[in-house]
Amino acid sequence: MMTSLNERLRDRRLDAAPTRSQSIAFGASGFPTQLMAQTFSAFVVYFYVSHLAVPAAWVAAAMIAHGILNAVLNPVVGALSDRLRTPWGRRIPWIGLGIVPLVVAFALVWMPPELPAVGLIVWFLVVVAVYDVAFVVVVLNISALFPEIFRTTEERARGNVPRQIFAILGMVLGTAGAPALYSMLGWPGMAIVLAVVCFVLLVWSFFGGMIERRVPEASSEAMRWGDQLKYTFRNRAFVPYVLGSLFVQTSIAVILAALPFYVRYSLHAPEGEGSLLLGAIFVTAIPSIVLWSAVVRRTSPRTAVLWSVAVFGVAVLGYLAPSNVLGAALVGIGVGVGVGGLLQLLEVMLAQIIDEDAVRTGHRREGAYFGVNGFVVRGSVVLQAIVAAVVLTASGFDATLDDAQPDSVDGGIRLMLAVIPL
């Protein structure tokens, strides 16, 4: 049976445009990867500090180590993936071998044994290191498959729609569904349920939609490490792209970080109503993905990205005006249109850059490009933290004053939410 499975994986190759069912199955991978990423980023610090009573400074140091490891892994795994040669392809073995460690490590993050604080932080560091390695291995190689499975701008515009819709649904469940699950089932129960859901969807996506093409031998030859770096950073299209991608991701991160402050200290509304503002963005982003898919098919990836950036930038300025949650939610609808475009188009644009690189160098190097992109974009976490710290400090924010903040805090928060992203 194992031999038969190996043969099926080895022999299947994509020679034409993917079918609709293959596109949907490939896109389903967006749900579990975003679900795990959002649940981890939103709740892991709270879980270890508040629930397990691990000192906050220890957890902060562990999170810095997590961020550094994740950033470094991206270009390394990307370059290794480009160089791998097996009968089953370059990307498929990485993904197939990484799925089980990924979901198991994700579950174990939330299921530590009873240990003292020192033991818990060691558990955190070890389990999260396994999670980081597996996450980068699986997600980067899925991303590297995208330009290979979908070859033209039209195929990519259509094929990326289900993936981004699944991804947004995963983001929503990761931020809104996880608290409901751990309140009902406890943290271990939440971990098991989410891990099972992620495993099922990843297996469906793996067998139903992840199929490599027959790449000509010359274009799949391993490029020397020095040439990898030289051709990547000399690419005049890629360097401005990756810097733009960094700032786009930073802008979105700043908005998500500023919204809770905006709700409480600018709109003077209950903290729970922040979910309405997030909902307005994400619910609007889903149908707008279809809209931007049509736009890119009628223009070009570059033009469509610039238009989506313009919509996003103008829309966020609307957060300067509202005095209540309803007004801010209406602004969020416009922001969601821009966010949907950015989610849909950035990878389509990068795929075109990779195509042009392949024509120039004779090598398909999706792994290297997505790896370097992942490394650079991780800087958005640092930039977002710097922006929040500088703005809140400069505006006179003092947590001990509770809701009695000086008027300058409202102005600073609106600046952080509306002007800095633009």
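Since the model is a prediction, treat every value here as computed from it, not as a measurement. Residue numbers run from 1 in the order of the sequence given. Heavy-atom basis, side chains included; hydrogens, waters and symmetry copies ignored.
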Distance from [X] atom [atom1] to [Y] atom [atom2], nearest 0.5 Å?
| X | Y | atom1 | atom2 | answer |
| --- | --- | --- | --- | --- |
| Phe238 | Leu243 | CZ | CG | 9.0 Å |
| Ile68 | Asp132 | CD1 | CG | 11.5 Å |
| Gln352 | Leu345 | CD | CG | 11.5 Å |
| Leu343 | Arg163 | CG | CZ | 11.0 Å |
| Gln249 | Leu342 | CD | CG | 8.5 Å |
| Ile354 | Glu148 | CD1 | CD | 10.5 Å |

Compile the donor-acceptor pairs under 3.5 Å between side chains in residues 285-298 and protein atoms, sequence neighbours left out, one pair per line.
unit_1	atom_1	unit_2	atom_2	d
Ser288	OG	Thr284	O	3.4
Ser288	OG	Ala285	O	2.8
Trp292	NE1	Val337	O	2.8
Ser293	OG	Ala157	O	3.0
Ser293	OG	Arg297	NH1	2.8
Arg297	NH1	Ser293	O	3.3
Arg298	NH1	Ala294	O	3.2

Review point. Would you call Leu140 and Phe135 a side-chain contact if the rule is heavy atoms closer than 4.5 Å?
Key: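 Not in contact.
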Cut-off 3.5 Å, no hydrogens considered: what does the side-chain donor-acceptor table look like for residues 184-209, sequence neighbours left out?
unit_1	atom_1	unit_2	atom_2	d
Ser205	OG	Ala25	O	2.7
Ser205	OG	Phe26	O	3.3

Has the side chain of [X] got a donor or acceptor atom that lies under 3.5 Å from a matching backbone atom of [Y]?
| X | Y | answer |
| --- | --- | --- |
| Gln22 | Thr19 | yes |
| Ser308 | Val305 | yes |
| Glu155 | Arg151 | yes |
| Thr250 | Leu246 | yes |
| Trp94 | Val139 | no |
| Thr33 | Gly30 | yes |

Tell me, yes or no, whether the heavy-atom count around [X] atom [atom1], taken from other residues, nucleotides or ligands under 6.0 Å, exceeds 12.
| X | atom1 | result |
| --- | --- | --- |
| Arg302 | CZ | no |
| Arg360 | CZ | yes |
| Phe282 | CZ | yes |

[X] and [Y]: aromatic ring centres closer than 6.0 Å?
| X | Y | value |
| --- | --- | --- |
| Tyr265 | Phe397 | yes |
| His66 | Phe40 | yes |
| Phe43 | Phe47 | no |

Review point. Using 4.0 Å as the upper bound for N to carboxylate O, is an ion pair formed by Glu366 and Arg90?
Key: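 A salt bridge is present here (some side-chain N lies under 4.0 Å from a carboxylate O).
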Review point. Would Ser23 and Arg158 count as having a side-chain donor-acceptor pair, cut-off 3.5 Å?
Key: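 The answer is no; no qualifying pair exists.
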Practice item. Could you tell me whether the side chains of Tyr369 and Asn235 share a donor-acceptor contact shorter than 3.5 Å? Key: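 Checked: Tyr369/Asn235 side chains pair up, N/O donor to acceptor below 3.5 Å.
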Check your understanding: With under 30° as parallel and over 60° as perpendicular, where do the rings of Trp110 and Phe106 fit, or are they tilted in between?
Key ->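 Plane angle over 60°, so perpendicular.
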Exercise for review: Test side chain to side chain contact (heavy atoms under 4.5 Å, CB included) on Val316 and Val331 and set out the steps.
Suggested key: CA-CA 7 Å; Val316 295; Val331 173; over 6 Å; no
What donor-acceptor contacts under 3.5 angstrom involve side-chain atoms of residues 409-422, with partners at least two apart or in another chain?
unit_1	atom_1	unit_2	atom_2	d
Asp410	OD1	Ser266	OG	2.6
Asp410	OD1	Arg414	NE	2.8
Asp410	OD2	Arg414	NE	3.4
Arg414	NH1	Tyr319	O	3.3
Arg414	NH1	Leu320	O	2.9
Arg414	NH1	Pro322	O	2.9
Arg414	NH2	Pro322	O	2.9

